[in-house]
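In what follows, every chain begins at residue 1, and chains take the letters A, B, ... in the order their sequences are listed. Just the heavy atoms: all of them, side chains too, but no hydrogens, waters or symmetry mates, feed the values below.
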2 protein chains.
Amino acid sequence: MTVTYRESVQGLLRDRLLDSAQAQIERRGWSSVTMARIADEVGVSRQTVYNELGAKRQIAEHLAMRELARFLDVVRDRMSERDDLVEAITWTCRGVLELGERSLLVRTIVGSVPGEHDPDLLAILTVESGEIVEAASVVVKECIVSLGAELPLSDAELDVAVESVVRLVLSAITRPSKPPEQAAADIGWILGLALAGARDRS
Amino acid sequence: MTVTYRESVQGLLRDRLLDSAQAQIERRGWSSVTMARIADEVGVSRQTVYNELGAKRQIAEHLAMRELARFLDVVRDRMSERDDLVEAITWTCRGVLELGERSLLVRTIVGSVPGEHDPDLLAILTVESGEIVEAASVVVKECIVSLGAELPLSDAELDVAVESVVRLVLSAITRPSKPPEQAAADIGWILGLALAGARDRS
DNA sequence: CCCCCTTGTCAAGTCACTTGACATGTCATA
DNA sequence: TATGACATGTCAAGTGACTTGACAAGGGGG
């Protein structure tokens, strides 16, 4: 019993509600998302939506966190598919950036015209992005550590490096300027240079 | 909203309970299945098991019906993969018999030593098998009708033919004497002969 | 300005599930 | 044979998630 019945049920409700909200966003934008419509589509009462997800503002955050989880799954998968650190990071960045292109939710948020940015969604990409960077950094660092390679960086320096990579990826997703493969190669290149410089240092 | 949230939850509970019961059967036999253990594994109270599934005897029936559904899925799939009726039936019988060999639940029930047959499980294969024959016959007939071939049989005669095939398959599952492919060919051969005879008749 | 819709909150009701208890039956063992 | 351990099956009272209906407050659009 890895996951209990009760947890499954609770998770099922959450998922359904978020699925509905996400579908509405992707169809007609965030402003068309309505607590009543979510409740209706899922077949529960409006109050239950409030109980489970909280105010509408928080729904956007929940969606962001759920989407983040999808990206972190890619991170975990890809990081274990290469031995060399720089290659692993490059390969992972590419996968993440490609998912960013495929993700309908991300495209809807990022792709909306600046002027008509919904305040709630905009907030996610700015105020809340701190949490995103933090969560992603933790996962990436875990993957690097479990890779077990010898690094010319102190623990604190590793944190900085990881966070920088995460921020570069996030930036490339929100303001893409080149295809994923090349953007990933660029990030890997920078990281490689930094590691070489650190190695020379000693 | 093809299936509502509430239905999903109810179905989830049922499935979990039956999964647990089935796992216990396959591990240590029917007699080791306990209402308390089912409740415990799924993480609900013992009373909930009674509410949802009824007495222990009925759990065996539920399991049989659920397993039957798996077999009928195979029937529906295979019957649509051949144009000629006899070929379709032969192909379907083979698939069903092969599933019978793979099905851990079926193997556990059928394969248990005659002397130690648990009364409840034994009942399923005897008393309850009427329901099984009936349900399976309905599905098979539906498939035949939707196949749309011209048949030399009246509707009542078709019922008899279908039921006979179903009974032959059921028998081959419970008392297998040859590999699925050959047993299926045998059934198809009989059916072919019967149809030829019916055609001559007119 | 008023109407309609939305958000957000509250209290009372409903129903699935829990809890604890009890009667009953069966089997192993002293 | 008596007895303890354990299983089935049922009941009533309790808990908590979800429902229902209502309300205040805040925008747009006719």
Side-chain angles (χ1 to χ4, degrees), chain A residues 1 3-21 23-25 27-63 115-124, chain B residues 1 3-21 23-25 27-63 115-124:
Chain A
M1 184 174 41
V3 54
T4 72
Y5 163 69
R6 201 155 295 282
E7 288 167 349
S8 301
V9 168
Q10 208 62 11
L12 184 60
L13 175 57
R14 262 184 118 70
D15 281 344
R16 293 265 184 147
L17 294 175
L18 292 177
D19 286 345
S20 171
Q24 287 177 49
I25 289 180
R27 277 201 303 268
R28 294 179 303 274
W30 171 255
S31 60
S32 84
V33 176
T34 281
M35 305 303 265
R37 213 193 318 274
I38 294 175
D40 215 53
E41 275 193 15
V42 175
V44 298
S45 69
R46 199 165 57 91
Q47 183 61 41
T48 298
V49 181
Y50 282 98
N51 292 340
E52 188 59 35
L53 297 179
K56 192 178 173 186
R57 171 78 161 61
Q58 301 183 39
I59 292 182
E61 299 176 16
H62 285 301
L63 277 177
E116 69 173 40
H117 262 310
D118 300 290
D120 287 333
L121 288 192
L122 186 61
I124 289 176
Chain B
M1 183 176 38
V3 55
T4 72
Y5 164 69
R6 200 157 295 282
E7 287 167 350
S8 301
V9 169
Q10 208 61 13
L12 183 60
L13 175 56
R14 262 184 117 72
D15 280 344
R16 293 267 186 145
L17 294 174
L18 292 177
D19 286 345
S20 170
Q24 287 177 49
I25 289 180
R27 278 201 302 266
R28 294 180 303 274
W30 171 254
S31 61
S32 83
V33 176
T34 281
M35 306 303 265
R37 213 192 319 273
I38 294 176
D40 215 52
E41 276 193 13
V42 176
V44 299
S45 69
R46 200 164 57 90
Q47 183 63 39
T48 297
V49 181
Y50 282 97
N51 291 341
E52 187 60 34
L53 297 179
K56 191 178 174 185
R57 171 78 161 60
Q58 300 181 36
I59 292 182
E61 298 176 18
H62 285 299
L63 276 178
E116 69 174 40
H117 262 310
D118 300 291
D120 287 333
L121 287 191
L122 186 60
I124 289 176

Is it true that a side-chain atom of Gln10(B) and a backbone atom of Glu7(B) form a donor plus acceptor pair closer than 3.5 Å?
no
Do Leu18(A) and Leu53(A) pass the side-chain contact (heavy atoms from CB on, under 4.5 Å) test, and can you show the C-alpha distance, the side-chain angles, and the key distance before you say yes or no?
CA-CA 9 Å; Leu18(A) 292 177; Leu53(A) 297 179; 3.9 Å; yes
Ion pair present between Arg27(A) and Glu41(A), side-chain N to carboxylate O less than 4.0 angstrom?
yes
Write down the atom of [X], the atom of [Y], and the distance for their closest heavy-atom approach.
X	Y	answer
Met35(B)	Val49(B)	CE-CG1, 3.9 Å
Tyr5(A)	Val42(B)	CB-O, 3.2 Å
Ile38(A)	Ser20(A)	CA-OG, 3.6 Å

For nucleotides 16-30 of chain D, read 5' to 3', which letter fits each nucleotide if B means a protein heavy atom sits under 4.0 Å from the base, S means only the sugar-phosphate is that close, and - means neither?
--SBB-B--------
Quickly work out the [X] [atom1] to [N] [atom2] distance and round it to whole Å.
X	N	atom1	atom2	answer
Ile59(B)	dA7(D)	CD1	P	14 Å
Lys56(A)	dT6(C)	NZ	P	10 Å
Leu12(B)	dA16(C)	CG	P	16 Å
Trp30(B)	dT8(D)	CH2	P	9 Å
Tyr50(B)	dA21(C)	OH	C1'	14 Å
Ile38(B)	dG9(D)	CD1	P	11 Å
Gln58(B)	dT10(D)	CD	C1'	14 Å
Asp40(B)	dC6(D)	CG	C1'	15 Å

Take the C1' atoms of the five end pairs on each side of the helix from dC1(C)-dG30(D) to dA30(C)-dT1(D), get both axes, and report the angle to 10 degrees.
10°
For Arg37(B), all residues meeting salt bridge (Lys or Arg N to Asp or Glu O under 4.0 Å), sequence neighbours excluded
none
From CG (Asp15(A)) to OG (Ser8(B)), nearest 0.5 Å
11.5 Å
Using the side-chain contact (heavy atoms from CB on, under 4.5 Å) rule, take Leu17(B) and Glu52(B) through it: C-alpha gap first, then chi angles, then the decisive distance, then the call.
CA-CA 9 Å; Leu17(B) 294 174; Glu52(B) 187 60 34; 3.8 Å; yes
